[in-house]
Amino acid sequence: MSYLTFDTIARVDEVVTDVLAMDLLYSSREFLEMILTVAAEPRDAAPVAIRRSVAETSLGETDIELVVECAEGRCGILVENKVRAPLMDRQFARYRMRGKAGILNGQWQRFKVILMSPRFYYESLAAEHSSQIDANLSYEIVVDFLAGHPEFAFKRHVFESAIADYRKGYVKSPDVAMMEFYQNYWAVASSDFPQLRLIKPDVIGKDGSWIYFPPLYGGNSVRLIHKFKGIGCELAVTTRNAEQLAETLGPFLHPDMIVRPMKSMAFVNVKTPAINHLLDFDIVRRDVVTSLRTLERLQSFAMDENVRRLITDAL
């Protein structure tokens, strides 16, 4: 179906991506498993109920309520969906209140709050909001998943249009604190870790919490990323064989390395200290150096002859 083309969708409302996500949850076990992975729930969990626009209490409305069950009991996965709409007062705090109410009412034994949105929407949230969210199911991850399923070509087009719709209203402008942090980070990386080849930063907005390093090999398919606000340092590999790659890399992983396979990506992650870019750089410099050493180690891991062969074969 690669011959299909679609008209441009100028504006995508949340209700549209709500319904598409609901349809995918009903029709695709793989999509359900992707959401379970994002929510850090067992992939073999069984769906018990899927509902949309649930507003049964005075605590507000849940866009998508997914209840799953596994050996550890039931989990309520509460999804707020955003394309561009601003947050309402204490919106995610009220999601957590609804989750706790569900435990008291016997609906589930635990719950997760998920934001489904363009990635930059999530990354631009203030800490008071993002701290209430357990995970971000980004539209970009959804698009990557749908790319592997020609039968979902139109759904992919809609999610891509939603990302473009969000970006139309998003113009990256320099953020003084983030720019200063990036400049200091680059200075340390270029002087003490030149082998990482970090490019001097250009315009960095307030959402620039992922630092991308140049590709190592495989075109643009293999590269290092420092997700400095909490995820850590990662070797990112674009591949349709993520599960297989994760399995074959297992014997070569260092003790602190874990592999996170997604639909079209595999990440070798090493947890490093979260860095608050608003602090004076001298305060966070030690954590920056620690992270750069970790990235250097991930680079060496990727360049190991056996590891490189396995990664290249999976591309």
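Only a predicted model underlies this, so the values are computations on that prediction, with no experimental measurement involved.
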Carefully, step by step, assess Lys112 and Leu78 under the rule side chain to side chain contact (heavy atoms under 4.5 Å, CB included).
-> CA-CA 6 Å; Lys112 300 289 177 63; Leu78 312 180; over 6 Å; no

About how many Å separate [atom2] of [Y] and [atom1] of [X], when rounded to the nearest 0.5 Å?
X      : Y      : atom1 : atom2 : result
Leu125 : Ile133 : CG    : CD1   : 5.0 Å
Tyr122 : Ser138 : OH    : OG    : 10.5 Å
Ile231 : Lys271 : CD1   : NZ    : 7.5 Å
Arg98  : Gln107 : CZ    : CD    : 11.5 Å
Phe31  : Leu20  : CZ    : CG    : 9.0 Å
Ile311 : Thr238 : CD1   : OG1   : 11.0 Å

Six-ring centre of Tyr95, Lys100 cation under 6.0 angstrom, axis tolerance 45° =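 Not satisfied by the 6.0 Å and 45° rule.
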
Face-on cation placement of Arg308 at Tyr217 ring, 6.0 Å and 45° thresholds =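 Pair Arg308/Tyr217 counts as cation-pi.
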
Answer yes or no: is there a donor N or O on one side and an acceptor on the other, between the side chain of [X] and the main chain of [Y], under 3.5 Å?
X      : Y      : answer
Thr239 : Asn241 : yes
Ser221 : Gly218 : yes
Lys227 : Ile211 : no
Arg110 : Cys75  : no
Glu80  : Met116 : no
Trp108 : Gly99  : yes

Using the salt bridge (charged side-chain N to carboxylate O under 4.0 Å, His left out) rule, take Glu234 and Arg260 through it: C-alpha gap first, then chi angles, then the decisive distance, then the call.
-> CA-CA 10 Å; Glu234 295 192 319; Arg260 297 190 297 111; 2.5 Å; yes

Does [X] pair with [Y] as a salt bridge, N-O distance under 4.0 Å?
X     : Y      : result
Glu65 : Arg52  : no
Glu56 : Arg51  : yes
Arg96 : Asp134 : yes
Glu69 : Arg74  : yes
Lys82 : Glu14  : no

Could you check whether atom [atom1] of [X] has more than 12 heavy atoms from other residues, nucleotides or ligands sitting under 6.0 Å from it?
X      : atom1 : value
Arg286 : CZ    : no
Ile199 : CD1   : no
Arg43  : CZ    : yes
Arg293 : CZ    : no

Cluster question for you: counting only ILVMFWY and a side-chain heavy-atom cut-off of under 4.5 Å, with indirect links fine, are [X] and [Y] together?
X      : Y      : value
Val289 : Ile283 : yes
Ile114 : Leu59  : no
Met22  : Val79  : yes
Leu235 : Leu253 : yes
Phe145 : Phe154 : yes

For [X] and [Y], which heavy atoms make the closest approach, and how far apart are they?
X      : Y      : answer
Pro261 : Glu243 : CG-OE1, 3.8 Å
Thr248 : Leu310 : O-CD1, 3.6 Å
Gln132 : Phe92  : CB-CB, 3.6 Å
Ala274 : Asp287 : O-OD2, 4.4 Å
Asn81  : Asp63  : N-OD2, 2.8 Å
Val188 : Arg285 : CG2-NH1, 3.4 Å

Give every residue pair that meets the side-chain hydrogen bond (donor to acceptor under 3.5 Å, both in side chains) criterion with at least one member in residues 181-191, sequence neighbours excluded.
->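 Counting only pairs at least two positions apart or across chains, the side-chain hydrogen bond (donor to acceptor under 3.5 Å, both in side chains) contacts touching residues 181-191 are Tyr185-His226.
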
Assess the side chains of [X] and [Y]: does a donor N or O sit below 3.5 Å from an acceptor N or O?
X      : Y      : result
Glu72  : Gln109 : no
Gln195 : Glu296 : yes
Asp144 : Tyr139 : no

Partners passing side chain to side chain donor-acceptor pair (under 3.5 Å) against Asn276 (at least two apart in sequence or in another chain) =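 With sequence neighbours excluded, Asn276 shows a side chain to side chain donor-acceptor pair (under 3.5 Å) to no residue whatsoever.
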
With a 4.5 Å limit on heavy-atom distance, are the side chains of [X] and [Y] in contact?
X      : Y      : answer
Phe152 : Val158 : no
Asp23  : Lys155 : yes
Phe252 : Asn306 : yes
Leu115 : Tyr121 : yes
Met97  : Arg90  : yes
Gln299 : Leu196 : yes
His277 : Phe228 : yes
Asp13  : Arg84  : yes

Applying the side-chain contact (heavy atoms from CB on, under 4.5 Å) test to [X], which of [options] qualifies?
X      : options                        : result
Val16  : Asp18, Val19, Val12            : Val12
Val68  : Ile50, Asp44, Leu36            : Leu36
Asn269 : Ile225, Ile258, Leu298, Asp256 : Ile258

Chi angles and distances behind the side chain to side chain contact (heavy atoms under 4.5 Å, CB included) call for Ile35, Leu25 = CA-CA 9 Å; Ile35 290 186; Leu25 283 168; 3.6 Å; yes

Please report the C-alpha distance between His129 and Gln91 in whole Å, then the side-chain angles of each, then the deciding distance to 0.1 Å, and finally whether the side chain to side chain contact (heavy atoms under 4.5 Å, CB included) criterion is met.
-> CA-CA 8 Å; His129 300 300; Gln91 189 162 13; over 6 Å; no

Derivation and outcome, side chain to side chain contact (heavy atoms under 4.5 Å, CB included), residues Lys229 and Trp210 = CA-CA 8 Å; Lys229 286 192 175 180; Trp210 291 12; over 6 Å; no

